[in-house]
Amino acid sequence: MSVRLASAGGFSLRAAAARLLGPDGINSAVAWLVLVGALVSIRLLIDAFYPSAFNDPEQASFFAWPALGVLGVLGLVGVYFAHLTGFPAALSMQEPVRRWLAPIAIGLAFGVVYFGLDSWTKFTALTNAHHGVATTQFVGVAPSILIFTGGAIISEVVFRLFPIPILLWLISRVALRKRGAEPTFWVLAILTSLLEPVSQYSFLLGSAAGAGVAVIAAGFGLNMVQASFFRRYGFLSAIAVRVAFYMIWHVAYVH
């Protein structure tokens with residue numbers, strides 16, 4: 001009797017997960033849990049081999065254990081609402097060029113664009129001066145790869161995976177009664193794509209307006225590209241853009 005009950009309970013749990021998320025949602029949830037495992041591994045590797053890698057307290061705070069726990073939960077919540085609002089499964093080998101190679105190529109291209117912008121405007125020097133930072137963020141190739149790969153995952157949760165699907169569900173599914181999903185998504189994509197560059201570089205508009213406008217525009221473009229890949233191919237494609245960008249901008253280009 002106890003065995004039959006356990007089997008029934010296990011079957012019910014699987015059935016409940018299938019009803020809650022469906023195949024695409026389960027795919028994305030598993031992909032997200034793998035990324036959470038990657039973040040945990042990055043933190044453990046840094047603690048073990050590169051304990052002085054974080055020279056920015058704000059950067060280090062995102063890798064603190066409580067923060068990683070919160071981010072893990074927020075990502076799963078985002079996956080659930082992404083399933084409700086029609087985002088595709090995160091992991092798929094369909095259209096590999098558009099889903100994987102294109103995001104990587106575009107991310108690398110944005111890294112080159114940022115390199116050119118910094119050569120022209122010296123905006124990183126202005127940013128360091130504004131924040132009173134005298135040293136570069138670069139702490140070596142290996143720890144930089146670890147930190148900024150993790151940073152790409154974290155930024156996806158903060159700027160897209162958590163806020164966009166929830167707000168899209170509330171506005172298009174609840175307030176608008178299942179109407180206007182795509183226009184709503186693009187409005188949310190525009191607003192969330194402005195958050196990162198404006199929060200980081202709006203101070204430049206007062207002292208170096210040209211540099212500020214150029215850098216904010218580039219950051220907005222990068223985030224909009226990620227949002228579009230998120231909607232069309234899932235959050236792993238969006239993360240691929242950011243990882244490729246960071247490998248040029250934060251790893252290859254020491255600034």
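- Annotation for P165 and A82: closest pair CB-N, 3.4 Å, computed over non-hydrogen atoms.
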- Begin with the C-alpha distance, continue with both residues' side-chain angles, and end with the deciding distance and a verdict on side chain to side chain contact (heavy atoms under 4.5 Å, CB included) for T124 and W249. CA-CA 11 Å; T124 55; W249 178 235; 3.6 Å; yes
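- Between F148 and H250, the ring planes lie parallel to each other; the angle is under 30°, not in the 30° to 60° tilted range.
- Atoms CG and CD1, from L101 and I106 in turn, are 11.0 Å apart once rounded to the nearest 0.5 Å.
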- Message: The test is side chain to side chain contact (heavy atoms under 4.5 Å, CB included); show your working for W169 and V174 and say whether it passes.
- Response: CA-CA 7 Å; W169 180 79; V174 178; 3.8 Å; yes
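- Closest heavy-atom contact between R232 and E95: NH2-OE2, 3.4 Å.
- Nearest heavy atoms, I147 versus A53: CD1-CB, 3.8 Å.
- Of the inter-residue distances, the one linking L126 atom CG with F203 atom CZ reads 6.5 Å to the nearest 0.5 angstrom.
- Between A29 and V79 the shortest heavy-atom distance is N-CG1, 3.7 Å.
- Side-chain contact between L45 and Y50: absent, with no pair of heavy atoms (C-beta onward) separated by less than 4.5 Å.
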- Task: Start with the C-alpha distance between L33 and L76, add both sets of side-chain angles, then the distance that settles side chain to side chain contact (heavy atoms under 4.5 Å, CB included), and finish with yes or no.
- Result: CA-CA 8 Å; L33 290 174; L76 285 176; 4.1 Å; yes
Show me the donor-acceptor pairs, under 3.5 Å and distance only, between side chains in residues 179-191 and residues at least two apart or in other chains.
residue : atom : partner : partner atom : Å
R179    : NE   : L176    : O            : 3.4
R179    : NH2  : L176    : O            : 3.4
E182    : OE2  : R231    : NE           : 3.2
E182    : OE2  : R231    : NH2          : 2.6
T184    : OG1  : G180    : O            : 2.6

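- Of all the heavy atoms in P103 and F229, the pair that sits closest is CG-CE2, 3.5 Å.
- I145 and I104 end up in different hydrophobic clusters when Ile, Leu, Val, Met, Phe, Trp and Tyr side chains are linked at under 4.5 Å.
- At least one side-chain heavy atom of W32 sits less than 4.5 Å from a side-chain heavy atom of L161.
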Atom pairs and distances, donor-acceptor, side-chain atoms in residues 206-226, under 3.5 Å, two or more places apart:
residue : atom : partner : partner atom : Å
N223    : OD1  : R160    : NH1          : 3.0
N223    : OD1  : R242    : NH2          : 3.2
N223    : ND2  : E196    : OE1          : 2.9
N223    : ND2  : G219    : O            : 2.8
Q226    : OE1  : R160    : NH2          : 3.4
Q226    : OE1  : R242    : NE           : 2.9
Q226    : OE1  : R242    : NH2          : 2.8
Q226    : NE2  : E156    : OE1          : 3.4
Q226    : NE2  : A238    : O            : 2.9

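- Interatomic distance, L84 CG to S172 OG, rounded to the nearest 0.5 Å: 10.0 Å.
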- Message: Before you tell me yes or no, could you show the steps for F159 and I164 under side chain to side chain contact (heavy atoms under 4.5 Å, CB included), namely the whole-Å CA-CA distance, both residues' side-chain angles and the distance that decides it to 0.1 Å?
- Response: CA-CA 8 Å; F159 295 114; I164 290 180; over 6 Å; no
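- R173 places no side-chain N or O within 3.5 Å of a backbone atom of K178 that could act as its donor or acceptor partner.
- A 4.5 Å side-chain heavy-atom check between L68 and V36 finds every atom pair outside the cut-off.
- Taking the six-membered ring where the residue is Trp, the centroids of Y114 and F245 are separated by under 6.0 Å.
- Within the model, atoms CD of Q59 and CD1 of I154 stand 9.0 Å from one another, a figure rounded to the nearest 0.5 Å.
- F123 and Y253 end up in the same hydrophobic cluster when Ile, Leu, Val, Met, Phe, Trp and Tyr side chains are linked at under 4.5 Å.
- A continuous path of ILVMFWY side-chain contacts below 4.5 Å connects L44 to F63, so both sit in one hydrophobic cluster.
- For F49, the CZ atom is loosely surrounded, since the number of other residues' heavy atoms within 6.0 Å does not exceed 12.
- Heavy atoms of other residues, nucleotides or ligands lying less than 6.0 angstrom from CZ of F54 number more than 12.
- Hydrophobic clustering (ILVMFWY, side-chain heavy atoms < 4.5 Å, transitive): V141 and L108 are in distinct clusters.
- Residues S237 and F230 fail the side-chain proximity criterion, which asks for heavy atoms closer than 4.5 Å.
- Closest non-hydrogen pair, M247 versus T149, comes out as CE-OG1, 3.9 Å.
- If you run side-chain contact (heavy atoms from CB on, under 4.5 Å) between V157 and each of L39, V77, L71, only L71 comes through.
- Looking at D118 and K122, no side-chain N of the basic residue comes within less than 4.0 Å of a carboxylate O on the acidic one, giving no salt bridge.
- Interatomic distance, S155 OG to L195 CG, rounded to the nearest 0.5 Å: 12.0 Å.
- One distance of note links CG of L35 with CD1 of I153; it measures 4.5 Å at 0.5 Å rounding.
- By the criterion of side-chain heavy atoms lying less than 4.5 angstrom apart, applied directly or through intervening Ile, Leu, Val, Met, Phe, Trp or Tyr residues, I248 is not grouped with V251; the two fall into different hydrophobic clusters.
- With a 4.5 Å cut-off on side-chain heavy atoms, L170 and F81 do not count as touching.
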